[in-house]
Amino acid sequence: MKELSKAYEPKKYEDGIYKRWLDSGFFNPENLLNTKGQYVNILPPPNANGEMHIGHASGYVVMDLLGRYHRMKGEKTLLLPGKDHAGIQSQVVYEKKIKKERGITRCDLGREKFYDEIFSFCKDRAQYMREQEKKIGLSADWSREKFTMDPELVKVVLDTFVKMYNEVDKNGNRMIYQGERIINWCPRCFTALSDVEVEHLEQKAKLYTFKYNKDFPFSISTTRPETKLGDTAIAVNPKDERYKKYIGKIFEVDFVGLPLKIKIIVDHEVDSTFGTGALGVTPAHSAVDWEMARKNDLPIIKVIDEHGKIHEGFKKFSGMPVNEAREMIVNELREHKLLEKEEDYPNNLSVCERCQSAIEPMVSKQWFVNVDHENFSLKKAARKAIENDEIKIYPERFKDVMLNWIDNIRDWCISRQIWWGPRIPVWYCARCEDDRNNISKVSFTNDSNHANIKIKSRVGKIPVAVGEKPLVCPVDERHGNNMLFQDEDTLDTWFSSGQWAYSTLGFPNGKDFKEFYPSDMMVMGRDILPFWAFRMIIMSLYCTGQVPFKNLYFTGLIRDEKGQKMSKSKGNGIDPKEVIEKYGTDAVRLSLLIGNSPGNDLNLGEEKIAGFRNFTNKLWNICRFMLLNIDKPKADVKKPVGKTLADKWILLRLNDVASQVKYCIENYNLSMAGEKLRDFTWGTLADWYLEMAKIEGKKSEILNYILNNILKLWHPFMPFVTEQIWQEIYKDENCLMIQKYPEFKLSSNGSAIDEFTSYIVDIITSIRSLRADYKIEPAKKINVAISAGQAEKFLNSNEEIIKGLARIENLKISKKLDKPQGSIGFVSFGVEVFIDLLGLVDTGKEKERLSKEIAAVEPYLIGLEKKLSNQEFVSHAPKEVVEKEKQKLSEGQEKLKKLKEQLKNLI
RNA sequence: GCACGCCUAGCUCAGUUGGUUAGAGCACCUCGUUUACACCGAGGGGGUCAGGGGUUCAAAUCCCUUGGCGUGCACCA
C-alpha cells in the first residue's frame, strides 16, 4: 500500500473524483441499490443568464450536504437540478449584449428571432453554470435537469393558467382575470411589474406647495407637480374644520393653461397635519388615489404614457419627459406667484428591481391572479399550511415573517410586456370586438430602446378563447382563425417558477411526480421569500392539493468580511471559481457551512477559507498517519474492544460525537455539526489520541475503525478529500459516497472513562505549562512525583503516556508522598503533582504562583458555600444540581488545603 | 408607522427548553522540527455577555425599558 502524499492538493484530484461519481451513476436514484425510504430535493433554479456566485454556492453546499447524508443513510436520494429563464432579467441582459456586440435592439430582430436567440443564450449559460455547480461538488441527477422554458414545463404552466381562468365563482369572478388597475410600470423594461419587483430607494426630493390657480380656495403639496395635470379631486380629512364648507363642491380651474375639474371629497387616509391637509387626487398615477377614485367614482385621467412621457392632449406638455414637464410647471407656477413653498423632502423613490429605473405607477389593463378567490383562497390555503406546520420552516422565526407577508398580499399582476417567457394563452378575435374603436390599436414610437414596438390597446378586448389556439373563432365560426390574435404579453417569471416543485416532475401523470412529490426539502435565499416561497406554496396547493415540500430552509446573504453586500461595482465579491482554484472545494464548502446559520447573513473573507484549507490538509495528514499505523486497511472493520484507557476513551468520544453530529444534521444545525466534528478530529483525535497511540503502539485495528468512520462522517461536508483518501485506500470498493453512514447512539455510561482521561490530560497540560513557565527546554526531560491518592492505580497504568507527553525521565506515582526537596507542586483534581526543578526553584516566584491560585479558588469556594447554605437553593433546585455543587465544593476545598500546605512549606 | 432580527474576547461567531469558575476559530505574545501535518505542535494573554430595571434559589439565556445597528412591509400628497 502506498503512502499518502505529504500534502493534500485539491486541484490534482477534484475533477477526477467528480468524474468517478458521475461514472458510478449514483447521482441517479434509480441506480441506488437496497434503498429504504427516500429523500427528494428539487433544487432551486438559478437564473440562466449569468454564472454561479457565492450565494448560489452557499445554498448548494447545504443542499448537497443533506443529499449526501441521506444517500449514505441508504435513502433513495434525488437532487433535481435546473435553471430558470428569468424573463425580465434575461431579456435585460440579452438586450444589453446585442446592443453592445451588434448595435441592435430586440425590435431589429423581431419577436420570434429574439425569442429564439435568447433561448439558445440561456441554454448556453445553463451549460456553463452546470460546470460550476459540478465544481462545488453538487451530487445532482443531471439526467433529470430541467429548464423553465422546456416545452413540457411550459405546458404545465399554461395549463394552470387555463385552470385558474376557468375557476369561476357564482358571481362570475375568475381566479385569473383581466382588469384595469393601477400597476407598477417600468419605462425602461417597458413592462408592468408586480409589487415585489419594485424596490424603494431613499432620495432627496422637493415638496412643492401651490395653488392650481389664484381663484382656487386652497393649496396642495406634492413632489410630482406634473402628475397634477390628471387631478380630478381634492381629498381632505373629514374632521378637518378648515375645509368642511367645501366638501362635495366641484371646481373648474385652469391649471397651467389646462382645464381641471376638481371635486372636494373626504377620506380618512388624509393626514390633516401633512402639508396643507389637502391632497390632490391623481387616480391614474398613485395607488392610494386610485382607491379613492374607485370609492368616489371619480374620472381617471392618464397623464404619463408607457415611455415616461406626458400623454397626448396636454398641449405644450405632451410628449415631454416627466422631469422636464415638472420643471416647466414649477417655473410657470413660480412666475404666476402660485408657488408658496419649495422644501427639501426625503422620500422613497420606487425603482425597478432589475434595472433600477424609476417606476411610474399607472393605470393599465393587465392580467391578475385573485389570491383570495371564493372557490379556493390561495392566501388562506397557504396560511393554513404554514400555521399547521405542514411546511416546517427553518429558522422558525421566518414563519412569522411569512404569515405577516401573506396577510398583506394583494392580487398578483402576472402579465408582462416582454417577449421572453411563456406567452399568455389567450386569443382575441378582431371581428368579435363589440366596440370597433377598441380593436387592436397599434401605435409606434421613436424611443430609441423601444423603436417600433407595438403598444396594443389595453382597453376593452374580450378573449374568445383561452388555451391552445382554436381552429376557428369559437364565438362565430365565420370569422375563421385568421382574425384571431394572441395576447401580446408573457407571464411573470414567478408564475413559472412557482410551479417548479411539480412541473419538473412531469405533473400530473409522470412517474417521477407520483414517486417523488412532494419533496422533502427546499433551500432558498431569504431574499426571495416573498417572490418564490409564497408563490410555490399557493400554486402547489391549488394544482396538486399538496404542499410542494415538507421543509423550507432559508439561507442568508453572503457578505464580505466587513459585512457589506458583495457587488461587482465594489469589487468586494468572492468568486467561487477563484477560491475553489486557490483553496479547494472542500475548504470553500466548510467556510460556507461552519459559522453560518439558517436565515442569517454570513460575513466571509478569504482568511476564513484559508483556515479551512488548513483543516482539509490536517485531515489528510491525520489519515496519512493512521494509515502508516494500520497493517492492512479494511473497509468493513467491526467496532473493536478498547484495550487501554486511551482506546476506550477515543471510542467513547467517537461514539458521542457521531450521535451528536447526526442530531445536529437532522435538526438542520449544520454549523454545529461541523464544529463538533472538527473539534473531535483536531482537538481530541489528533492532539491527544494519536499522540497517545504513538506511545502505546499496536493500534492497527482501532485506527482502521476510526479512519473509516471519520471519512464517512466528514464526507457530506468535504466530499472530495474524503473520497480521495477512500479511493487511495480502498480502490476496489464502491465510492465512499454510497458507503453506509455510521449509526451511533449516545452512550449512557462513559463518564468514568471521561473522568479518568481528564485527570491525565489535566496533569500533562499542567506540567507542560509549568515547564514553559520555568523555561525548561522542550528537549530536557524532568523528574516528577505524584501523590495520587485514589487515582494511584489508573495513573500507574497510564504511566507511559504521562511520561511521554509531559517529557518525564523518572515518574514516581504513590498513594501518598511528601513533596521532594527542590520541587514545585500543583493540585489537579485530588492529585498532587511535584516537579523536580533541578535547583531552579525560585521561591518568590512560587509564592506568587501559589498565592495567585489560592486567590482564584477562594472566592469561588465562598460562592459555592453561600449557594449551598441557602435553604431556598437546596430545596428548589433539582437534586442533581445540588449534588454537583456539593461535589465541586469538596473538591475545591481539598485543592485549597493542598495549595495552602504547599505555600506554607515554601516559607 | 407595523413587523422581524442583532449587540458575547481585537475580528467572525457558538452558547437549543434558565443550572460548568462563559466557549471556538482567526489575530496576537512566548517557545519549538520528537512515527503524520510549519496548511504544524506546546504554552499564554484577552470578555462586569450594549446600559438600566424586573421575575427566579439561580439569568448571556425569560420579561420590561433605554440606546446603537440591520432587514422586510406599508406610507411617502
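Below, read A as the first sequence line, B as the second, and so on, with proteins coming before strands; counting in each chain starts at 1.
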So what does [X] hit on the nucleic acid, given a heavy-atom distance under 4.0 Å: a base, only sugar-phosphate, or nothing?
X	result
A/Met626	nothing
A/Leu207	sugar-phosphate
A/Lys888	sugar-phosphate
A/Val281	nothing
A/Ile622	base
A/Ser597	sugar-phosphate
A/Ala693	nothing
A/Thr223	sugar-phosphate
A/Asn629	base
A/Arg613	base
A/Asn669	base
A/Thr276	nothing

Rounded distance (Å) that lies between atom [atom2] of [N] and atom [atom1] of [X]:
X	N	atom1	atom2	value
A/Ile729	B/A36	CD1	P	18 Å
A/Lys803	B/U34	NZ	C1'	16 Å
A/Asp601	B/U12	CG	P	14 Å
A/Tyr208	B/C76	OH	P	19 Å
A/Lys6	B/A38	NZ	C1'	10 Å
A/Leu604	B/C13	CG	P	11 Å
A/Tyr394	B/U16	OH	P	17 Å
A/Tyr774	B/G32	OH	C1'	21 Å

Between the base of [N] and the side chain of [X], is there a donor-acceptor distance below 3.5 Å?
X	N	value
A/Lys618	B/C39	no
A/Arg807	B/U34	yes
A/Lys676	B/A14	no
A/Glu691	B/A36	yes

Item to check | A/Arg242 atom CZ, neighbour heavy-atom count above 12 within 6.0 Å | outcome: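 Result for CZ/A/Arg242: enclosed.
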Give me the distance, rounded to whole Å, that separates [N] from [M] when you measure between the [atom1] atoms they each carry.
N	M	atom1	answer
B/G18	B/G54	C1'	15 Å
B/C57	B/C62	C1'	16 Å
B/A22	B/U30	C1'	26 Å

Pair [X]-[Y], side-chain donor/acceptor within less than 3.5 Å:
X	Y	answer
A/Thr209	A/Glu340	no
A/Glu883	A/Gln887	no
A/Lys263	A/Thr232	no

Salt-bridge present ([X], [Y]; N to O < 4.0 Å):
X	Y	result
A/Glu9	A/Lys12	yes
A/Lys845	A/Glu848	no
A/Glu607	A/Arg613	no

Throw together a table of side-chain donor-acceptor distances under 3.5 angstrom for residues 675-685 of chain A, partners on residues two or more places apart or in other chains.
from: A/Thr681; atom 1: OG1; to: A/Leu677; atom 2: O; distance (Å): 2.6
from: A/Thr681; atom 1: OG1; to: A/Trp714; atom 2: NE1; distance (Å): 3.0

Next on the checklist: Here's a test of your reading of the structure: between A/Arg559 and A/Ala235, which maps to the more 5' nucleotide of RNA chain B?
Outcome noted: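 Its nearest nucleotide being more 5', the pick is A/Arg559.
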Item to check | 5' precedence on RNA chain B between A/Cys664 and A/Gly595 (nearest-nucleotide basis) | outcome: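 This one resolves to A/Gly595.
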Between [options], spot the one nearest the side chain of [X], thanks.
X	options	value
A/Arg397	B/C39, B/C4, B/G41	B/C4
A/Arg526	B/G43, B/A42, B/U71	B/U71
A/Arg624	B/G19, B/C4, B/A36	B/A36
A/Leu628	B/G43, B/G19, B/A36	B/A36
A/Lys694	B/A36, B/C4, B/U16	B/A36

Checklist entry - Does any non-hydrogen side-chain atom of A/Asn596 lie less than 4.5 Å from one of A/Leu604? => result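 They are not in side-chain contact.
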Which donor-acceptor pairs under 3.5 Å do the side chains of residues 693-700 of chain A make with protein atoms, sequence neighbours left out?
from: A/Lys694; atom 1: NZ; to: A/Glu691; atom 2: OE1; distance (Å): 3.4
from: A/Lys694; atom 1: NZ; to: A/Glu691; atom 2: OE2; distance (Å): 3.1
from: A/Glu696; atom 1: OE1; to: A/Thr644; atom 2: OG1; distance (Å): 2.8
from: A/Glu696; atom 1: OE1; to: A/Lys699; atom 2: NZ; distance (Å): 2.7
from: A/Lys699; atom 1: NZ; to: A/Asp647; atom 2: OD1; distance (Å): 2.7
from: A/Lys699; atom 1: NZ; to: A/Asp647; atom 2: OD2; distance (Å): 3.1
from: A/Ser700; atom 1: OG; to: A/Asp631; atom 2: N; distance (Å): 2.9

All N/O contacts under 3.5 Å from nucleotides 55-64 of chain B to the protein, with atom names and distances to one decimal?
from: B/C57; atom 1: O2'; to: A/Asn870; atom 2: ND2; distance (Å): 3.2

Checklist entry - OP1 or OP2 of B/C13 sitting under 4.0 Å from any side-chain N/O of A/Ser671? => result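 A/Ser671 to B/C13 OP1/OP2: no side-chain N or O under 4.0 Å.
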Item to check | Partners passing salt bridge (Lys or Arg N to Asp or Glu O under 4.0 Å) against A/Glu387 (at least two apart in sequence or in another chain) | outcome: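 For A/Glu387, the residues satisfying salt bridge (Lys or Arg N to Asp or Glu O under 4.0 Å) (neighbours in sequence not counted) are A/Arg383.
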Checklist entry - What do the steps show when you test A/Ile220 against A/Leu279 for side-chain contact (heavy atoms from CB on, under 4.5 Å), and what is the final call? => result CA-CA 6 Å; A/Ile220 55 164; A/Leu279 158 66; over 6 Å; no
Item to check | Dot-bracket encoding of pairs in RNA chain B, which uses [ ] for pseudoknotted crossings and | for another strand, Watson-Crick or G-U under 3.5 angstrom | outcome: (((((((..((((.....[...)))).(((((.......))))).....(((((..]....))))))))))))....
Checklist outcome for this item: B/S/- along nucleotides 25-31 of chain B (protein heavy atoms under 4.0 Å) is SS-----
Next on the checklist: Apply side-chain contact (heavy atoms from CB on, under 4.5 Å) to residues A/Met292 and A/Val266 and explain how you reach the verdict.
Outcome noted: CA-CA 9 Å; A/Met292 289 186 197; A/Val266 292; over 6 Å; no
Next on the checklist: Using the rule given for side-chain hydrogen bond (donor to acceptor under 3.5 Å, both in side chains), can you reason through A/Lys206 versus A/Thr223, listing the C-alpha separation, both sets of side-chain angles and the distance that settles it, and then say yes or no?
Outcome noted: CA-CA 6 Å; A/Lys206 288 251 189 268; A/Thr223 53; over 6 Å; no
Checklist entry - How far does CG of A/Leu861 sit from CG of A/Leu868, to the nearest 0.5 angstrom? => result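 Reported value, rounded in 0.5 Å steps: 11.0 Å.
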